[in-house]
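All values reported here derive from a predicted model rather than from experimental measurement.
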Amino acid sequence: MEETSREAVATAVQRVAGMLQRSDQLDKVEQYRRREARKKASVEARLKAAIQSQLDGVRTGLTQLHSALLDVKDIQSSLADVSKDWRQSINTIENLKDVKDAVVQHSQLASAVENLKNIFSVPEIVAETQQLIEHAELLQAHRKLIELECSRDDLMYEQYRMDSRNTSDMNLISIYFEDVQGLSDELAKQLWMVLQRAMVTVRRDPTMVVSVVRIIEREEKIDRRMVDRKKQTGFIPPGRPKWWKEKMFEVLEGTVSTRIESTQAVTREADKMWLVRLLEITRKYVLDDLIVVKNLMVQCFPPHYGTFNRFFRLYHNAVSTRVKELAAEDLEANEIVSLLTWVLNTYKSVEMMGHPELHSECDINQLESLLPQDVVDDLLSKYVQTFTSNITGWLRKALETDKKDWQKETEPEADQDGYYQTTLPAIVFQMFEQNLQVAAQIDGDFKEQVLKLCLKQMNTFLIRYREEAVVYKEDHLRDRQLPQCYVQYMIAIINNCQTFKESINSLKRKYSQSSEATDSDAAIERTLNEVAKEGCQFLLDEVFLDLDNHLNELLTRKWLTGSHAVDTICVTVEDYFNDFKKIKKPFNQEMTSEALRRVVVEYIKAVMQKRITFKSAEERKEGAERMIKEANQFMFLFRKLAAGEDTDRLCGAITAIAEVFKLTDPTLLFLEVTTLVSKYPDIREEHIQALLAVRGDASREMRQMIIGTFSENKASYSGVTQPIFKDITVPTITMTTMTTMTSMATAKLLK
């Protein structure tokens with residue numbers, strides 16, 4: 001207490017010190033004293049009220065404890081009296097055993113009297129129940145049936161209690177009520193019929209379905225009650241438990257299965273699209289039925305049945321079974337695609353199980369696959385085999401059709417840019433496109449697999465295409481008059497190669513997720529280039545077959561005296577290249593360059609064959625000037641045809657050779673030859689010898705000096721520019737040739 005008092009005094013001192021910090025606050029001392037007095041009086045009043053309340057509570061508790069003690073004593077006294085009376089009445093209870101037996105017997109007799117009414121009216125109730133069942137008044141029929149079963153069951157139970165071994169009386173009761181079991185079976189048939197038509201019935205008269213469910217629920221309760229009584233007494237009526245609830249689910253499952261199985265309206269023989277129709281009908285039936293279940297059927301069943309989820313699983317299982325049966329059949333390629341597209345894409349899409357109206361009731365991601373993965377893999381493998389076989393046949397037929405077009409007497413069609421083409425690329429890639437679109441519907445990986453297969457088949461097809469182009473050329477060479485449009489269709493074959501390239505790239509961009517080039521891509525590119533280049537070569541061969549006679553006139557006496565061979569060559573080349581303009585890039589550019597190179601090479605070959613030997617400086621000058629003029633003609637022509645940057649260099653080779661011939665001072669011949677060699681390093685020793693032989697005035701010592709110096713200082717050919725002299729051979733004079741030439745000269749002199 002002293003410590004508390006000291007703390008209170010210290011606190012008060014602090015408060016007073018806080019109030020009187022300034023001199024002007026001394027005037028308010030009396031005001032502060034009154035305020036603190038009021039606070040003290042208020043606190044004391046609250047303390048007194050609290051203490052008084054605690055005291056009243058304690059007083060009330062003591063009073064209640066005193067009353068409870070008195071009550072406990074009274075109860076103890078009453079229990080003692082009851083115990084005393086119970087001990088005195090034990091003997092009396094044993095004397096009332098006969099009364100107890102009489103009561104039990106009275107109860108049995110009362111039950112028998114009560115059942116007599118029902119017993120005598122059994123035939124009448126049976127007839128009424130039969131009529132109610134026939135008129136589809138199922139609830140009333142079931143109520144009558146329950147009355148009959150209760151009468152039978154009660155009689156049997158009482159008989160069982162009196163004498164469970166007396167089977168004769170039990171049989172008598174069973175015989176008397178034998179029609180009851182028949183009514184139960186008949187009612188069950190009606191129930192199952194309603195359930196089998198549940199999807200139709202629930203739309204027209206949902207109360208019928210509700211009645212069926214109520215009857216089954218009642219029977220389920222009776223089954224449970226009878227099973228419980230059997231555990232207690234060992235007695236259970238005949239026909240129990242009925243298990244109608246389990247049977248109901250079996251019937252619904254059978255109904256769903258039948259619904260799915262009945263979707264096949266036609267066969268393959270009657271309609272090639274039978275599977276597509278079947279799957280579409282199945283989709284429509286399943287979706288419509290599940291929407292009906294969600295909106296109507298669910299309301300006819302108790303919530304704890306989980307009706308929608310149950311039907312959802314039933315339809316899923318039924319569809320899965322049906323799809324497995326279809327997968328086991330001998331399906332064609334297009335049917336396999338239709339089935340897998342439906343299974344892998346359509347089934348879980350918004351068009352079917354993922355429909356917005358069903359989405360809120362179920363999770364389609366929890367559904368198992370309709371087909372096991374191994375079955376899917378088998379179907380895909382079968383499709384690939386069939387597709388490979390089919391596409392090989394399609395490509396063969398397409399090529400045969402294109403080959404027939406090559407023999408036509410009319411020119412091939414041209415595209416919007418005027419380039420010749422045939423329908424082969426369009427046909428081939430339409431087939432590829434259709435199959436890739438189908439494969440894309442199934443799976444992305446499978447689409448890639450089909451694309452690789454298409455490209456592989458394309459490579460094989462192009463090899464065959466190349467072979468047929470060669471045969472086409474060889475057939476033409478046997479009779480150059482046939483076919484009439486050989487050049488135009490060979491141009492179309494070349495253009496098709498470019499179209500094939502563009503179409504392949506388009507397919508890869510559209511259907512392939514990988515941009516990396518594969519070995520198959522490189523093989524296709526290589527084959528297409530070979531076909532196109534060979535086609536260009538065939539066309540140039542055709543040109544040079546027409547030029548052959550004119551090329552043979554070059555660098556001959558006839559040419560020197562005045563020949564129009566080069567004029568004819570230029571006109572012929574230009575005429576052909578008017579058709580060659582319809583070759584697509586880059587092949588037209590390459591072909592023009594190759595044509596120029598071949599013309600120049602053939603011209604130089606004419607020089608190297610030493611068809612003429614100039615006899616005088618005038619002949620050399622005349623021949624050189626003619627060569628320069630003709631080189632300029634070639635240069636003008638091929639510039640016009642846009643042969644490329646190499647035009648001047650190639651035509652310059654003719655001019656350079658002409659300068660060697662034109663030179664009048666033999667002592668400067670070495671310098672001129674050196675200039676020629678520096679410009680065209682692929683020239684060889686035999687070429688120089690041939691040039692000097694044609695010039696005709698080089699002495700033996702001069703030739704040896706030029707050749708010797710050339711051999712010592714010959715620079716290696718780097719291969720940067722396209723060679724000219726590399727493929728030009730110089731004919732050698734054999735003994736047979738010399739003998740022949742001598743004989744011809746002798747005969748000429750004699751003549």
Which pairs of donor and acceptor atoms, one on a side chain in residues 429-438, lie under 3.5 Å apart (sequence neighbours left out)?
from   : atom 1 : to     : atom 2 : distance (Å)
Glu433 : OE2    : Gln437 : NE2    : 3.3
Glu433 : OE2    : Lys510 : NZ     : 2.6
Glu433 : OE2    : Tyr511 : OH     : 2.6
Asn435 : OD1    : Tyr383 : OH     : 3.3
Asn435 : ND2    : Met431 : O      : 2.7

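- Annotation: side-chain hydrogen bond (donor to acceptor under 3.5 Å, both in side chains) contacts involving residues 220-230, sequence neighbours excluded, comprise Asp223-Arg240.
- Under 4.0 Å is where a charged nitrogen must lie from a carboxylate oxygen, and between Glu149 and Lys242 at least one such pair does.
- For Glu128, the side chain to side chain donor-acceptor pair (under 3.5 Å) partners two or more places apart in sequence, or in a different chain, are Lys144.
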Which atom pairs, donor and acceptor, lie under 3.5 Å between side-chain atoms of residues 60-70 and protein residues at least two apart or in another chain?
from  : atom 1 : to    : atom 2 : distance (Å)
Thr60 : OG1    : Asp56 : O      : 3.0
Thr63 : OG1    : Arg59 : O      : 3.0
Ser67 : OG     : Thr63 : O      : 3.2

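- Applying the side chain to side chain donor-acceptor pair (under 3.5 Å) criterion to Glu335, with sequence neighbours excluded, gives Arg268, Trp274.
- Note on residues 201-214: pairs passing side-chain hydrogen bond (donor to acceptor under 3.5 Å, both in side chains), not counting sequence neighbours, are Asp205-Thr207.
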May I have the step-by-step check of side chain to side chain contact (heavy atoms under 4.5 Å, CB included) for Trp243 and Glu246, ending in yes or no? CA-CA 6 Å; Trp243 305 117; Glu246 287 72 12; 3.7 Å; yes
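- Using a 4.0 Å cut-off between a side-chain N of Lys or Arg and a carboxylate O of Asp or Glu, Arg283 and Glu280 qualify as a salt bridge.
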Kindly list each side-chain donor-acceptor pair under 3.5 angstrom involving residues 325-333, sequence neighbours excluded, with atom names and distances?
from   : atom 1 : to     : atom 2 : distance (Å)
Glu325 : OE1    : Arg322 : NH1    : 3.1
Asp330 : OD1    : Lys382 : NZ     : 3.1

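- Residues passing the side chain to side chain contact (heavy atoms under 4.5 Å, CB included) test with Lys284 are Asp288, sequence neighbours excluded.
- Applying the ring-ring contact (aromatic ring centres under 6.0 Å, His included) criterion to Tyr285, with sequence neighbours excluded, gives no partner residue.
- Pairs engaging residues 292-311 under the side-chain hydrogen bond (donor to acceptor under 3.5 Å, both in side chains) rule: Glu217-Tyr305 [sequence neighbours left out].
- Residues passing the side chain to side chain contact (heavy atoms under 4.5 Å, CB included) test with Asp81, sequence neighbours excluded: Ser77.
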Under 3.5 Å, which donor-acceptor pairs do the side chains of residues 369-381 form with other protein atoms, sequence neighbours left out?
from   : atom 1 : to     : atom 2 : distance (Å)
Gln373 : NE2    : Asp377 : OD1    : 2.9

